[in-house]
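What you see is a predicted model; the values in this text were computed from it and never measured. Each chain gets a letter, A, B and so on, in the order the sequences are listed, and its residues count up from 1.
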Amino acid sequence: MESTIYDQYELVVGLEVHAQLNTQSKAFSSDSAAYGAAPNTQVSPISLGHPGTLPKLNERALEFGVKLGLAMNCEIRRWNEFARKNYFYADLPKGYQITQHTTPICYNGWVDVRNDDGSKRRIGITRIHMEEDAGKSMHDQDAFDSLIDLNRCGVPLLEIVSEPDMRTPREAYLYLTEVRQLVRYLDICDGNMEEGSLRCDANISVRKKGATEFGVKVEVKNMNSIRNVQRAIEHEFKRQIDMLQKGETIYSETRSFDAVNGTTFALRSKEQANDYRYFPEPDLQPVVVELAYIEEVRNHMPLLPSQLIERFTNSYGLNEYDALVLTDNREVALYFNELTSLTTNYKQAANWVMGPVKSWINAEAQSMDAFPLSSKQIAALIALIDEGVVSNSVATQKLFPAMLENPAASPMDLAKQMNLVQERNVDELRMHVEAVLAAWPDKVAEYKSGKKGVLGLFMGDVMKRTQGKADPKMTSQLLNEILSS
Amino acid sequence: MKIDLNTVDRLAHLARLEFDEATKGKMLDDMNRFLEFAEKLNELDIAEVEPLIYMNSDHNVLRKDEVMQVIDHEAALKNAPKRDSDFFRVPKVIDK
């Protein structure tokens, strides 16, 4: 490949991710945090910023912070305080956002991502802090006014700040995928970037390869999918290098991503640097996180993807690819994990979940939760195959679809009802085999003269006569035995 | 510490306030008087004193994650200077 000017530069990316927590109530008040209600119906004097109100921290927001910190290998801060970040905007009625400015609850963590070539990259987590969301402004609905909906005001957020450790757009993509998978496994955020419950800002800079100083960073916002984060970074990398090549200066600024043409444009004029005049929030007492509390949260942590992958490969002998496919989605992983306590044929169990079960989810555009068959039933189906009661192909093509139609029935009863049980009676089978051979004397002669290929024909005929129920292993044994006698 | 006109301008911008020249001068004088008043504190040695942020020494004042809707939609919009049946209305806050 021809080397270009871009090859002389290195990309440096750090991401700031806001995860909206799926608590029932808001961070500092008891109004509902649910998404999608009619405008300005889920508000309270506290979230509306009325004077004389007193915020009170939601204990679950704290628990979720500790959970995520543990999952991201962070240290958990013992002494936590809140601060006021002051700025004027119509969807922030208090005039300040409550945030953990100086004492983020989690710090010094890391997340491993797996590059496409299988190599691992460790991305540092600088900090994770608790804060609250602002309301929503709509600028396009009316010619003169902006419309303000404050339902989202005060919804709890965790902001996850990474170290500037990513070096390719793909790594940013993988890191974000990892973060989304973690918050979903922990069940603290639904991870939906399109609806904005997971938001990402990217700090992007470039420098000459080998340079030790970072370049001037540009912040890019408004990327509503993981794919778009990658696209925005790809674009910024080239844009910044083009500027440097032309001798232009890169300013630290905020830009917005334009998904239509994959470019970025300057969002704020560089009038004045932001001055948020942080100061301690005196209305919220400090929060002390004791070791016993951290242990309590740790003991209730669900299994995480990395732990499941380890278990699936080391204890169940699956290959890494299968383990990755099985853990991609939390519900699928938990289903498979349940299945492994009901059967020891792990490879077969993995094939059923990755094959027919996942196909059903995709074909029906449903989630795992909607899958009609319990892990117990799939385990029973696998047992029927293992015991030779039904053949693998009959199980896949006939019995499994029948089970889906009739989820309450046991696979064994269905197999009997549908007459799918394999013919394993030697005398019965021998009768069928002999009848087939008697019908093809010339083919038998061909076989005896060395044309072993006709065996498939005999096999097919036996299957026809038994409506696919002949045990293939026994049938081929019988064929060999009779033909060579 | 002395406040100058640049500081007044900057604070006015942050507070989204506008002053004419005469008022600006008056603000300048007022602000400097506040500071002088507060500088009285410098006479004390407070090197060993922790800043007082909270009114008591409690910590972990938490609430259960339970929804309690204390006001309805109408009450929420009641004091808005400008509103419609659904939203608060404010002058357009984005330049396009």
Any side-chain donor-acceptor pair under 3.5 Å between [X] and [Y]?
{"X": "B:Tyr54", "Y": "A:Glu281", "answer": "no"}
{"X": "B:Asn60", "Y": "A:Glu59", "answer": "no"}
{"X": "A:Thr23", "Y": "B:Asp65", "answer": "no"}

- Task: Using a cut-off of under 4.5 Å on heavy-atom pairs, state which of A:Asp31, A:Asn40, A:Val287 scores highest against chain B.
- Result: A:Asn40
- Task: Identify whether the distance between the nearest side-chain nitrogen and carboxylate oxygen of A:Asp142 and B:Lys92 falls below 4.0 Å.
- Result: no
- Are any side-chain N or O atoms of B:His73 and backbone N or O atoms of A:Pro39, one a donor and one an acceptor, separated by less than 3.5 Å? yes
Less than 4.5 Å to any heavy atom of chain B: does that hold for the side chain of [X], its backbone, both, or neither?
{"X": "A:Phe88", "answer": "both"}
{"X": "A:Leu57", "answer": "both"}
{"X": "A:Ala143", "answer": "backbone"}

- Task: With a 4.5 Å cut-off on heavy-atom pairs, point out which of B:Val70, B:Asp72, B:Asp84, B:Asn56 contacts chain A the most.
- Result: B:Asn56
- Just how far is it from atom CG of A:Asp145 to atom CZ of B:Phe87, taken to the nearest 0.5 Å? 12.0 Å
- Query: Which distance, rounded to the nearest 0.5 Å, do you find between the CG of B:Asp86 and the CE of A:Met138?
  - Reply: 9.5 Å
- Query: What are the two closest non-hydrogen atoms of B:Lys64 and A:Ser25, and how far apart are they?
  - Reply: O-OG, 4.4 Å
